Amino acid sequence: MSSTEKKLVLGNNLKQVTSDLHRHFNFTLGHFDTDETDGEMLNALALTVRDRVMERWRLSIEDEKNNAKKKVFYLSLEFLLGRSLTNTVLNLDLDEAVRTALKDFGCAYEDIESEEKDAGLGNGGLGRLAACFMDSCASLNLPVTGYGIRYEYGMFHQSFDEGYQIEQPDHWLRDGSPWEIERPKDTKHVKFYGHSEFYTNEQGEQCARWCNTQDVLAVPYDMPIPGYRNDKINTLRLWKAAATDEFNLADFNAGDYSDAVAQKNTAEQITMVLYPNDSSESGKELRLRQQYFLASASLQDVLDTWTKENKKDFSTFAESHCFQLNDTHPTLAVAELMRLLVDDYNQQWDEAWAITCQTMAYTNHTLLPEALEKWSVRLIGQLLPRILDIIYEINSRFLQEVAQKWPGDVDRQRRMSIIEEGDEPHVRMAYLAIIGSFSVNGVAALHSQLLTTGLFKDFHDLWPKKFNNKTNGVTPRRWLAHCNKELSQLMNSAIGDKWVCHLDDLAKLKKYAGDTAFQDKWRQVKYNNKVRLANLVNQKCGVNFDPQFMFDVQVKRIHEYKRQLLNVLHIIHLYDRVIRGEEILPRCVLIGGKAAPGYAFAKLIIKLTNNVAKVVNSDPKVASKLKVVFFPNYRVTSMEVICPATDLSEQISTAGKEASGTGNMKFMMNGAITIGTYDGANIEILDAVGEDNFFLFGLKVGEIAQYRAYNNPNDLIAVDEDLRRVINLIECGHFSMFEPGVFEPIIRSIRNPNDPWMVAADFRSYIDTQELAAQAYADTNRWTRSSILNTASSGHFSSDRTIREYANQIWSI
Ligand code: 26W
C-alpha cells in the first residue's frame, strides 16, 4: 500500500460508490429518486468520481510541494481533452463499481458516459498531443503542470448544407463542467497597451516600467489530470479573462456607464473563442492578446509561488523550473519572463537572460511556411510596448553574437534577425523561441532532420547541440485500453495487462500472429468494433456500412498537404471500375475532419467528397461494392469509435509536409494497416512493423523537386487512362449535375504544373498500392496476421516513451 493510499478515505467499493451516487443525486443536485435520471445522472456520477479525484489531488499537491526538486510547465494555447468521465473512471479503477451502481438506478454506463460533451479546446494534432502528454506525465508520476486558456467556445461544431461545411458555435460550458475548480484567490493582472517609462532608481540604476496600462484579470480554473492507477493527480490550469473593477470604476465615475460595460466585454473577449485555424496564421490582434494573456498569467503564477518562499533570490530558480513551449504560440513567454525578472524583480539583464535561456524549451510542429507565426512590429508595439522593447534588446544582443562568429556576414545577420525587415516589419516568433530556449525539438525523426537542414539551418550552424528529436506518441490508456475494451481483454488473456503502462510489452503478441485460433478471436473483435462504427455511421449519415467490407478511413483536419483529394480520386476510380463492370474488393470509405472556416479550398474538398458520396451511395449497381461517407463533426470522441474499427489507415500526405501525425499511431495500435507516404512518423511506423505490413507509396522528399522539373500533371493525365477517366468524371459534372463548374478550382489545382501537393504525380503509385492492399485484405489470414503485428509493433508510439525522453533529455527530472 502506498503512503497516499493509506490516507485515502473514500472507497472504490460498490457500497460507497452507490451511496455517494445517491447522495449527490438527491442532496447535491436536489433530485428525488422518482425524477427522470436523464442528464442528471451524468452530473451525479461525475461528482461521485470527482470526490475520489479530490482527495488524491490534495495529497499529490502536498507531495509535490515537499518532494519535487524541479517542476515542468507545459504552455499551450490548446489542450484537446475530449471527455473526462470515462478516462477518470478508467484511471481510478472505478469501472466495475460504477457500472453496477448505475444499474441500481436503472441506467447503463454507456448511455450516461455518452452524454458528456467533449472539451474541444484544440484544433487537431498539436492540441491532442498536449492532452496525451498530460496523461503520460501524471501516469509516470512527474511534476508537470499544464497552462492553457479556458475558451468559452471550443472547436466549432460541423454540419453540412448541400454538401458544404457549416460551422456552429460549441458552447461546451453552457451546463457547467464538474471537472473545473475556480481558484479566484490566484487571480493575476495582465497588462495591455500603455507605454514604457525609463527612470533611475534609488541605487542609481537604469530601470524601466510599463505604465498607463489597461489591465485584464486572469482567473484560473484547475482541471485534474489523473495518472493511471497511481493516485497521482496533476493540474491543468486554464485562464479565463475578466474585467478589473478599477478599470470600470474610472468610467463609471465619469458617468460613462455604457463605455465601461463595453470595455468589460473587450476584456472578456480574450478567452471567448478558440481560433479554428490550424495552419495559416490569421494575424488577428485578439489572437496576439490570447497568446500574451496565457504567457503572462502563467509566468506570474510560477514566480508568485517562487517568491512567496524564496523572496527575490532567483539563484536556484533555473535548476528547479522548466517551461516547454508547445509551438511558437506561447513564445511571448521568453520576453515576458525577462520583463518580470528585470522590471518587477529587479534582476540584472544578464542574470535574467541566463535564467530564461536555461528554463525555456521549444517544440516545433510544422514546416509549412504559412504556419510560421509572425506578428507585425506595429501591432506588438501598440498592444505590448514594453515587450517590444525587450524583443529589440534580445535581438540586438543576439545579432552581436552572430557578428562575432561570422564577421562581415551581413546577409546572415539579416536572415537570422528576429525582425524581418520590409514595408511592414515583423517579429519572427520561431526565432525568438530558438534564441530564448536551451532546447529546440521536432516531433518525428524526418521532421527534426528537415528543421536542421532547412528552416533553421542557420541556427543549427550556430548551436548544433540545441536541436533534438522527440518523436510523438499517444496515450495507450485512452487510445487502446479505453476505446477498444474487447481487444484489451483479448490481449490481457494472452500476454497479461502490463502493456497499459509498458506498451513495449505488446511485442509479446508477435508469437500469436500466426496462431489461427488467436487470429479468429482477433478478427471477431475487429468485426464487433466495425458493427459499432457501422451503427454510428448509420445514425449520423444514414448510410449502411457492411462490416464485411474493408473499412478504409482517413480522419484529420482537412488540408491540401494531407491530400484528402487523392483519397477522393481513388474513390472515384473504384466507382468507375464498378460501373465498367470490373470486380473490386468491397469497401466502406470514411473521411472526416474539419476545415478552417476561412480555407475555401479545403471546404471545397469536403463538398466534393459529399457529392461523390451521394452519387456512389445512391447507385444500386455500386451498393454491394462501395460505400462512402464524410463523417460529420469529427472529434476526439468520434475517433474513440473509429480507430478500433478501421482496417486500412490513410496517411497520405505529400512527403516532407506532415511533421509527425499522431492519428497514424492510434490506428496502428488498434490493428489497422497503414497505406502511407514516406513522411513524418509513418517512416518510424514502417521501420517498426516492416514493409510486409505497411503499404508504402509515393515520391520521397528528395524525389519531389526533381520530379517536378520533368513532369507536368497534364502529360500524366494524357498517358494514364485511369487518371484521365477520373478527372473527366469531375470535369464533365458527374458529381455536380446541378452546380456546373463548382469543382473547377480542384481541377485547376490537379492540373497545375506547380502543384505543391503532387496529387497527379502520386496518383498512379497510390492506385496501384491500394490494389495491393485490396489483394492483401482478400487473404484473410495474411491480413489478420499483419493486423496483429501492427498492434504488437506499436510500443514505440506510446506517449509514455515520448515523455520519458522529454523528462530525461530536456527537462532533467
Ligand atoms: C498559427 C496557426 C496555427 C495553429 C496550429 C499553426 C499551426 C498549428 C499547429 C502546428 C498545427 C498542428 O496541429 N500541427 C500538427 O502537430 C502534430 C503534433 O506534433 C503533428 O503530429 C502534425 O503532423 C502537425 O501537423
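In listed order, ligands and their atoms are each counted from 1. As the structure is a computational prediction, the values presented were derived from the model and not from experiment.
Using a 4.0 Å heavy-atom cutoff, Gly661 is listed among the residues neighbouring ligand 1. Using a 4.0 angstrom heavy-atom cutoff, His329 counts as in contact with ligand 1. Using a 4.0 angstrom heavy-atom cutoff, Asp278 counts as in contact with ligand 1.
In terms of heavy atoms, Val701 sits closest to Ala655 at N-CB, 3.7 Å.
Nearest protein heavy-atom contact of atom 6 (C) of ligand 1 is Ser279 O, 3.6 Å. Residue, atom and distance of the protein heavy atom nearest to atom 22 (C) of ligand 1 are Glu658 OE1, 3.4 Å. For atom 12 (C) of ligand 1, the nearest non-hydrogen atom of the protein is Leu126 CB, 3.7 Å. Protein heavy atom closest to atom 1 (C) of ligand 1, with residue, atom name and distance, is Glu281 OE1, 2.6 Å.
Thr328 and Glu373 are linked by a side-chain donor-acceptor pair at a separation below 3.5 angstrom, with hydrogens and angles left out of the test. For His447 and Asn364, the side-chain atoms include at least one donor-acceptor pair closer than 3.5 Å. Between Gln564 and Thr609, the side chains place no donor N or O within less than 3.5 Å of an acceptor N or O (distance only, hydrogens not considered). Judged by distance alone, the side chains of Thr677 and Asp762 never bring a donor and an acceptor atom under 3.5 Å apart.
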**Request:** Begin with the C-alpha distance, continue with both residues' side-chain angles, and end with the deciding distance and a verdict on side-chain contact (heavy atoms from CB on, under 4.5 Å) for Leu126 and His329.
**Result:** CA-CA 11 Å; Leu126 162 140; His329 317 157; 4.0 Å; yes

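Of all atoms in ligand 1, numbered sequentially from 1 with element shown, those under 4.0 Å from a heavy atom of Val443 are 19 (O). Taking every non-hydrogen atom of Ala659 and a distance limit under 4.0 Å, the qualifying atoms of ligand 1 come out as 23 (O). Listed by number with element, the atoms of ligand 1 under 4.0 Å from a non-hydrogen atom of Asp327 are 10 (C).
The residue from His365, Glu78, Met665 that puts a heavy atom closest to atom 14 (N) of ligand 1 is His365.
With a heavy-atom cut-off of 4.0 Å, Asn472 touches ligand 1 through its side chain alone. Proximity of Asn277 to ligand 1, defined as any heavy-atom pair under 4.0 Å, is confined to the backbone N, CA, C and O atoms.
Any N or O atom pair closer than 3.5 Å counts here, and Tyr561 shares at least one such pair with ligand 1.
Between the side chain of Thr235 and the backbone N or O of Arg237, no donor-acceptor pair lies under 3.5 Å.
Between Tyr431 and Phe456, the angle of the ring planes goes over 60°, which puts this pair in the perpendicular group of the 30/60° scheme.
By the neighbour-count criterion of 12 heavy atoms within 6.0 Å, atom CD of Glu691 is sparsely surrounded, having that number or fewer from other residues, nucleotides or ligands.
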